[in-house]
Amino acid sequence: MRAEIWSDLGSVEALWRGLESGPGCLATPYQRFDWVAAFLRGGAAPGALRVLVLRDAGGRPRLLMPLAVTRERGVRVARVVGATHANYHLPLFASREAAAVPTEDLLDLLVRAGSSAGIDLYILAHQPRTWDGAVNPLAVGARRGANDAYGLMLGPDPEATVRRVFSADARKKLRAKEKRLAEAVGPLDYRCAGTADEAEAFLAAFYAQKAVRFASQGIADPYAQMPIRRFLAAASDPGASAPAMEVHALVARRSGRVLAVFGGAVDAGRFSGMMTAFDGDPEIARCSPGDLLLHHLVRDQTARGRRAFDLGVGEARYKSSICDETIELAELVLPVTLRGRLYGLAAAADTGLRAQIKRDPRLWSFARRLRRLGRN
C-alpha cells in the first residue's frame with residue numbers, strides 16, 4: 001500500500017463520495033463527506049486539513065481519514081476532524097477486507113505519511129474497537145478511552161422495537177407523563193425539522209436550553225461558539241439532498257414552544273445521537289420531555305429503515321436505560337518524530353488519568369465539584 005495526502009477538500013470530494021457510496025464501505029456517519037465538509041466550512045476545525053488516503057498496489061483507495069493538524073507547544077499534532085462533536089473517529093474503509101490490514105502495517109504507513117506531511121504526532125481518539133462486527137486496526141493494542149458509547153439495534157418493526165427497548169412499565173409511565181404534559185401545554189407534536197426555518201427554530205431552542213444547563217453545572221458552553229453553530233446549521237439543512245444531521249423536537253402545537261430537542265448524525269443505516277436538551281421549566285421538566293422525545297425517536301428511526309441507533313459517548317441514565325450495547329472506545333497515540341514521542345507520553349498519561357477519574361464514581365463526583373467551584 002502507499003499513502004497520499006490531500007490538503008484541499010474540493011479536490012478529494014469525488015474520490016471521497018465514491019468510497020462512501022460503495023456497497024462494502026465501512027464507516028460511521030461522522031466520516032460522510034457532507035458531515036466533515038460542514039464542520040470544516042463552518043470554521044469549527046482549527047489547523048490545517050490533511051486528508052490521508054491509502055491505496056493498494058492496484059491504485060484502489062482502501063482507507064480515507066480526514067485530519068486537522070494543529071501546533072501545540074511546538075508539536076504538530078494530527079487529530080481526526082470533528083473533535084468531541086464526532087462520537088466516532090473510525091477511518092472510512094472501502095470494505096471489510098480493507099479494514100483487515102495488519103495493525104503494524106497500517107501504523108507504519110501512518111508514520112511514513114506523517115513524516116512527509118510534517119506531522120509529529122497522531123492522537124486518534126474515539127476509535128471503536130469494532131464496528132459492524134469488523135475489528136478496527138487502529139484500536140488494536142491502543143489505550144482504552146476515557147469514555148465508552150452506547151447503542152442498540154433497531155427493526156424491523158417499529159412497534160416491536162419500541163416494546164423491546166422500553167419495558168411495559170416504562171411505556172406506561174411515559175404515557176402518563178405525556179398526558180400530564182399535554183394537559184399543561186396543549187396538544188404535542190413530534191417533528192423532524194423539514195425546512196430551514198424549522199431547523200433554525202429547533203437549534204435556537206437547543207442553544208437556549210443547553211446554555212442554562214451548562215451554567216448550572218459551571219461548564220463553559222461549547223455551543224455558544226459561532227463556528228459550531230454554523231456547522232450545525234449547515235449539517236442539518238433539510239434542503240440538502242442527504243443531510244448529514246437530523247434535528248428532532250417535541251413541540252407544543254398551539255404555542256410552538258420547543259420542549260425538547262435531539263440531534264444526530266445520520267447515514268443510510270444509523271442515527272448517532274450528538275446533542276440533546278429540554279426545557280428546564282419545572283412544570284415541563286417533571287414530565288420528562290427528553291425521554292418522551294427519545295421514545296418517539298426510536299420508533300421514527302425504525303420506521304425510516306435505519307438498523308442502528310446510538311446515543312454517543314459518555315455515561316447518562318437515559319442511555320443505560322434503553323441501550324443494550326456498549327461501544328468500547330480506544331485512543332491511539334502514535335508518534336512520528338522524537339518531539340512527537342515526548343509530547344505523546346504526556347498525552348497518553350492524560351488519557352489514562354481521565355479514564356481513571358471518569359470510571360470511578362467518587363473521583364468523578366469530586367472532579368465535577370472542583371470544576372463548579374473553579375467557575376464560581
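Because the structure is a prediction, the values reported are computed rather than measured.
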Notebook entry, point to check: Would Trp131 and Tyr88 satisfy ring pair (Phe, Tyr, Trp, His ring centres under 6.0 Å), going step by step from the backbone distance to the final call?
Noted result: CA-CA 10 Å; Trp131 194 256; Tyr88 313 112; 4.9 Å; yes
Between [X] (side chain) and [Y] (backbone), is there a donor-acceptor pair under 3.5 Å?
X	Y	value
Arg253	Gly186	no
Thr302	Val298	yes
Glu72	Tyr343	no
Asn87	Gly273	yes
Arg306	Asp267	yes
Glu246	Cys192	no
Arg112	Ala3	no

Margin query: Pair Tyr318, His295 - check ring pair (Phe, Tyr, Trp, His ring centres under 6.0 Å), show working.
Written below: CA-CA 11 Å; Tyr318 76 95; His295 178 267; over 10 Å; no
Next item on the list: Please check if any side-chain donor atom of Ser272 sits under 3.5 Å from a side-chain acceptor atom of Tyr30, or the reverse.
Entry: yes
Margin query: Between Gln31 and Leu64, is there a side-chain heavy-atom distance shorter than 4.5 Å?
Written below: no
Notebook entry, point to check: Below 4.5 Å, heavy atoms only, C-beta onward: do Arg143 and Val333 meet side chain to side chain?
Noted result: no
Notebook entry, point to check: Around Arg341, counting heavy atoms of other residues, nucleotides and ligands shown, do more than 12 lie under 6.0 Å from its CZ?
Noted result: no
Notebook entry, point to check: Could you walk me through whether Asp291 and Arg317 pass the salt bridge (Lys or Arg N to Asp or Glu O under 4.0 Å) check?
Noted result: CA-CA 10 Å; Asp291 289 348; Arg317 179 201 57 80; 3.2 Å; yes
Do the charged groups of [X] and [Y] touch, with an N to O distance under 4.0 Å?
X	Y	answer
Lys319	Glu315	no
Arg17	Asp34	yes
Asp132	Arg307	yes
Asp221	Lys210	no

Item checked: Pairs meeting criterion side chain to side chain donor-acceptor pair (under 3.5 Å) with involvement of residues 227-243, two or more places apart -> none
